[in-house]
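Below is one structure; the comments refer to it alone.
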Amino acid sequence: MEIVFASRHESNPLEWVRALQAALPDHRVRLWDDEEPSGRADAAVVWAPPAGLFDREPGLKYLFNLGAGVDALLHMPGLSDRITLVRMEDGGMAVQMAEYVLHYLIRESRDLGRYAAQQAQARWQPLADIDRSAWTVGVMGAGVMGARVAQACAALEYPVAVWSRSGRPVAGTESFGRDGLADFLARTRVLVNVLPLTGDTRGILCRSLFQQLRPDAYLINIARGDHLVAEDLLACLDEGRLRGAALDAFSQEPLPPDHPFWHDARIQVTPHVAGASLMDLTVRQIAGKIDAVAQGQPITGIVDRARQY
Ligand SMILES: NC(=O)c1ccc[n+]([C@@H]2O[C@H](COP(=O)([O-])OP(=O)(O)OC[C@H]3O[C@@H](n4cnc5c(N)ncnc54)[C@H](OP(=O)(O)O)[C@@H]3O)[C@@H](O)[C@H]2O)c1
């Protein structure tokens, strides 16, 4: 097969081409060239690919995304239904997502932010012991990321519930299906969003949802910026309905310098780094799938266009 690597965001695309080529000795891997597309590529490995890719590579049959979320790809003009879209499944991201969530969960539940403030005043003041039953975690999404996050929180004995379309069970947690959203929210204090961004989930993190959480709730959004209605978050923080939020993804990235999130002490901002796909694991996974399709074998991680994930 001929495989083209196309990304507008990768700082060192040649390193990816070399790694993919080394893992795929029976195939030809090349870097996308705006000036000289070959027009013969069978597959593309992409992250934010250039707009001209589909027009100029009309033979593409497979698109392998370097990330788990395919929302941006699905909206690209020219993406034909004939192309099979394949997403990353874990690729080293899930354990990082779990670390990220544990960091903020522990920071809140163990008062570590308050101890940092006390240190700045040289103040020795033990705060109340943790009451784990008061720190109920609710994870939206029971997929590769959501399940790993939920299990990590449950391993530290936080009471964890998971909400998904199908109510897919995750060991050691309470599962809620689509119709169980109200019950899921009513028991949740720390809400973690790891849903894919789809027509159903855009804007889901909004005032009416925050109002159904337990009092003094905390939001961790590690999925997409467009899940969140920013003004509803700020209003709910002002009203004391939410105590704070950790946000990794934003509607506009990079987050503009004048955005209110930057300067709000109740909000922790990180630059979309909660779970990075690591080159070794990513290349190994994608190369394995390319070898499989070249041999006519089935692969996992194919995006269902109707569900949008
Ligand atoms: N910030 C970062 O660095 C970063 C890194 C990686 C991923 N992400 C984000 O994380 C998302 C999830 O990744 P993943 O690999 O875990 O995806 P996944 O394996 O496809 O899992 C998606 C989960 O969401 C559930 N879901 C989808 N639509 C729903 C709806 N309308 N209502 C309720 N549940 C719904 C699915 O339910 P079913 O189980 O019933 O199908 C499934 O449990 C990605 O799409 C991406 O946006 C962010």
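Quick caveat, the model's predicted, so the values are computed rather than measured. Atoms within each ligand, like the ligands themselves, are counted from 1 in listed order.
Two different hydrophobic clusters hold Leu281 and Met145 under the rule that ILVMFWY side chains link at heavy-atom gaps under 4.5 Å. When hydrophobic clusters are built by joining Ile, Leu, Val, Met, Phe, Trp and Tyr residues whose side-chain heavy atoms come closer than 4.5 Å, directly or via intermediates, Val293 is grouped together with Leu20.
Both tests pass for Arg307 against the ring of Tyr309: distance under 6.0 Å to the centre and angle within 45° of the axis.
Taking the six-membered ring where tryptophan is involved, the planes of Phe64 and Tyr62 are essentially parallel, since the angle between them stays under 30° and well short of 60°.
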What are the polar N/O contacts of ligand 1 with the protein below 3.5 Å, with distances?
unit_1	atom_1	unit_2	atom_2	d
ligand 1	1 (N)	Ile222	O	3.0
ligand 1	1 (N)	Asp248	OD2	3.0
ligand 1	3 (O)	Gly275	N	3.0
ligand 1	3 (O)	Gly275	O	3.2
ligand 1	15 (O)	Arg87	NH1	3.0
ligand 1	16 (O)	Val144	N	3.2
ligand 1	16 (O)	Met145	N	2.8
ligand 1	19 (O)	Arg87	NH2	2.9
ligand 1	19 (O)	Val144	N	3.0
ligand 1	34 (N)	Arg165	N	2.9
ligand 1	39 (O)	Arg168	NE	2.9
ligand 1	39 (O)	Arg168	NH2	2.9
ligand 1	40 (O)	Ser166	N	2.8
ligand 1	40 (O)	Ser166	OG	2.6
ligand 1	41 (O)	Tyr309	OH	2.6
ligand 1	43 (O)	Ala142	N	2.8
ligand 1	43 (O)	Gly143	N	3.1
ligand 1	47 (O)	Arg224	NH1	3.3

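Salt bridge status for Arg266 with Asp264: present, with a side-chain N to carboxylate O gap under 4.0 Å.
For the residue pair His27/Asp42, the side-chain donor-acceptor check at 3.5 Å is not satisfied.
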